[in-house]
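Read through the structure below, which is laid out as structure tokens, and then see the notes.
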Number of protein chains: 2
Amino acid sequence: MFSKACEYALKIMIYLCTVQEEGKLAGLKDISNANGSPEAYTAKILQQLVKNGLLQSHRGPTGGFKVSDRPITLLEVVVAIDGESIVKDCVLGLRECSSARPCPVHDKFVAIRDHLKGVLNTTYLTDIKSGVIEGNRFLKL
Amino acid sequence: MFSKACEYALKIMIYLCTVQEEGKLAGLKDISNANGSPEAYTAKILQQLVKNGLLQSHRGPTGGFKVSDRPITLLEVVVAIDGESIVKDCVLGLRECSSARPCPVHDKFVAIRDHLKGVLNTTYLTDIKSGVIEGNRFLKL
DNA sequence: CTAATTAAGGATATAAAGGTCCGAAAATCT
DNA sequence: AGATTTTCGGACCTTTATATCCTTAATTAG
């Protein structure tokens, strides 16, 4: 469904939300540790999230990452890493696929995609962080 | 969503259904042509569909491929090529993710996945071939 | 039987995703 | 200022997906 990089990105964002008490920053080691993602690869993903304005970073000692100070949806995270293909492209790979010129499964998948897009677009990071903080939702294993 | 190979496989199966008048066989060239997939790669996918019992093949002149003579769902095709990951694995990549030990988005995605699985599991190739035959659903471009 | 045709299957090439390494740049602390 | 810590960014390696090539096996027609 999502690329590995995108899976990591979502976990990173959720984790950073849970740590974000009093504007504290979390470092790379901390982050990759918390969601079980390889450190060097995690660094790349963090960079990309910063570039896309979803995270803010600060270098040097006491440096690290924090979530940008505004509501962020799951969709924004997914699009930042995987692009819009998951909510746009034809499931059979047709370049042109619309109700005017549909592929054989167009209608069926429009419904599924709308469902997916709806969830991604209305679920905010702040909505889901509490479960992790309370310890009954997990980011690892 | 699906791998390229799986996209091809779905188109192959649908196409073969539309050609399947009077038990006629379709050859590799014909098939790859009809859905715009590279010939040699299409051959590999056809082999895999035969191995999985979704197609039957026949060699030699007048040889080719035909859809196995029983109702086949989209899910069977997807699973034959991509495995069950799309309907089984955690979207955040957790090895263990269940209602007993859920990831932060478990509930939201259970609903989406059930929707997807439902469509794949109840849509038969015969249900969708008519649109292609009538010429108002397309497999190419 | 021979030639022609078609799928099967192994080997190999190419592209993309996933992942690592290391030096440079920025910030902090002493 | 100098040493240290941490992110940035480029180069590189590994694995998987995508795609091609070519030989072999089966089948049919002449």
Side-chain angles (χ1 to χ4, degrees), chain A residues 1-12 16 19 23-68 78 80-83 85-86 89 92-93, chain B residues 1-12 16 19 23-68 78 80-83 85-86 89 92-93:
Chain A
M1 176 130 238
F2 304 129
S3 70
K4 209 94 190 97
C6 187
E7 290 176 7
Y8 291 150
L10 287 165
K11 296 203 280 186
I12 287 167
L16 282 173
V19 186
K24 265 182 275 175
L25 303 181
L28 169 60
K29 229 162 291 186
D30 183 10
I31 294 167
S32 69
N33 215 298
N35 59 32
S37 54
E39 198 173 311
Y41 195 46
T42 303
K44 295 297 182 195
I45 296 162
L46 285 164
Q47 271 182 61
Q48 212 165 336
L49 292 170
V50 170
K51 270 188 195 155
N52 280 271
L54 302 182
L55 291 183
Q56 284 167 8
S57 65
H58 205 248
R59 296 204 244 196
T62 77
F65 300 86
K66 67 180 284 267
V67 179
S68 291
V78 169
I81 304 296
D82 280 354
S85 61
I86 189 79
D89 292 356
L92 296 188
Chain B
M1 177 128 234
F2 303 129
S3 70
K4 208 98 190 92
C6 187
E7 292 176 6
Y8 292 149
L10 287 165
K11 295 202 280 186
I12 287 168
L16 282 173
V19 187
K24 264 183 275 176
L25 302 180
L28 169 60
K29 230 162 288 187
D30 183 11
I31 294 167
S32 71
N33 215 300
N35 58 32
S37 53
E39 196 174 310
Y41 195 48
T42 303
K44 296 298 183 193
I45 295 163
L46 284 164
Q47 271 183 60
Q48 213 166 334
L49 292 170
V50 170
K51 270 187 195 158
N52 281 269
L54 301 182
L55 291 183
Q56 284 167 7
S57 65
H58 205 248
R59 296 203 244 196
T62 78
F65 300 86
K66 67 180 286 266
V67 179
S68 292
V78 170
I81 304 298
D82 280 355
S85 62
I86 189 78
D89 292 357
L92 296 188

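Here the structure is a predicted model, which means the values were calculated and not measured. Numbers restart at 1 for each chain; the letters A, B, ... are given by sequence-line order, proteins then strands.
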**Prompt:** Can you check whether B:Leu25's main-chain N or O pairs, donor with acceptor, with B:Lys66's side chain at less than 3.5 Å?
**Reply:** no
**Complete:** Separation of C:dG9 atom C1' from B:Lys51 atom NZ, nearest Å, is 8 Å
**Request:** Would you mind telling me which residue lines up with the more 5' stretch of DNA chain C, A:Pro61 or B:Gly27, judged by nearest nucleotide?
**Result:** B:Gly27
**Request:** Find the distance B:Asp82:CG to D:dT18:P and express it as a whole number of Å.
**Result:** 8 Å
**Asked** Does some side-chain heavy atom of A:Ile81 sit less than 4.5 Å from a side-chain heavy atom of A:Leu49?
**Response** yes
**Prompt:** Counting any heavy atom closer than 4.0 Å, what does A:Lys44 reach on the DNA or RNA strands: base, sugar-phosphate only, or nothing?
**Reply:** base
**Message:** If you assign each of A:Thr62 and A:Glu39 to its closest nucleotide in DNA chain C, which residue comes earlier from the 5' end?
**Reply:** A:Glu39
**Any donor-acceptor N or O pair under 3.5 Å, side chains A:Ser37, A:Ser32** = no
**Asked** From C:dT20, C:dA7, C:dA25, pick the nucleotide closest to the side chain of B:Arg59?
**Response** C:dA7
**Asked** Which whole-number value in Å describes the distance from A:Phe2 CZ to C:dA17 P?
**Response** 16 Å
**Message:** Rounded to whole Å, please give me the gap between CZ in A:Phe65 and P in C:dA27.
**Reply:** 14 Å
**Prompt:** Does the side chain of A:Tyr41 get closer than 4.0 angstrom to OP1 or OP2 of C:dC21 through an N or O atom?
**Reply:** no
**Asked** Could you state the CG-P distance from A:Leu25 to D:dT6, rounded to the nearest angstrom?
**Response** 11 Å
**Complete:** B:His58 atom NE2 is separated from D:dA25 atom P, nearest whole Å, by 18 Å
**Prompt:** Can you check whether A:Gln48's main-chain N or O pairs, donor with acceptor, with A:Asn52's side chain at less than 3.5 Å?
**Reply:** yes
**Message:** Using OP1 and OP2 only, check whether a side-chain N or O of A:Ser57 sits under 4.0 Å from D:dC8.
**Reply:** yes
**Complete:** Rounded to whole Å, CG of B:Asn52 lies from P of C:dA8 at a distance of 13 Å
**Message:** Does C:dG9 have OP1 or OP2 under 4.0 Å away from a side-chain N or O of B:Gln47?
**Reply:** yes
**Request:** Using atom NZ of B:Lys4 as one end and atom C1' of D:dA19 as the other, report the distance to the nearest whole Å.
**Result:** 12 Å
**Message:** Considering every strand and a 4.0 Å limit on heavy-atom distances, what is the contact class for A:Leu46: base, sugar-phosphate, or nothing?
**Reply:** nothing
**Request:** Please check if the side chain of A:Ser68 supplies one atom and the backbone of A:Gly53 the other of a donor-acceptor pair under 3.5 Å.
**Result:** yes
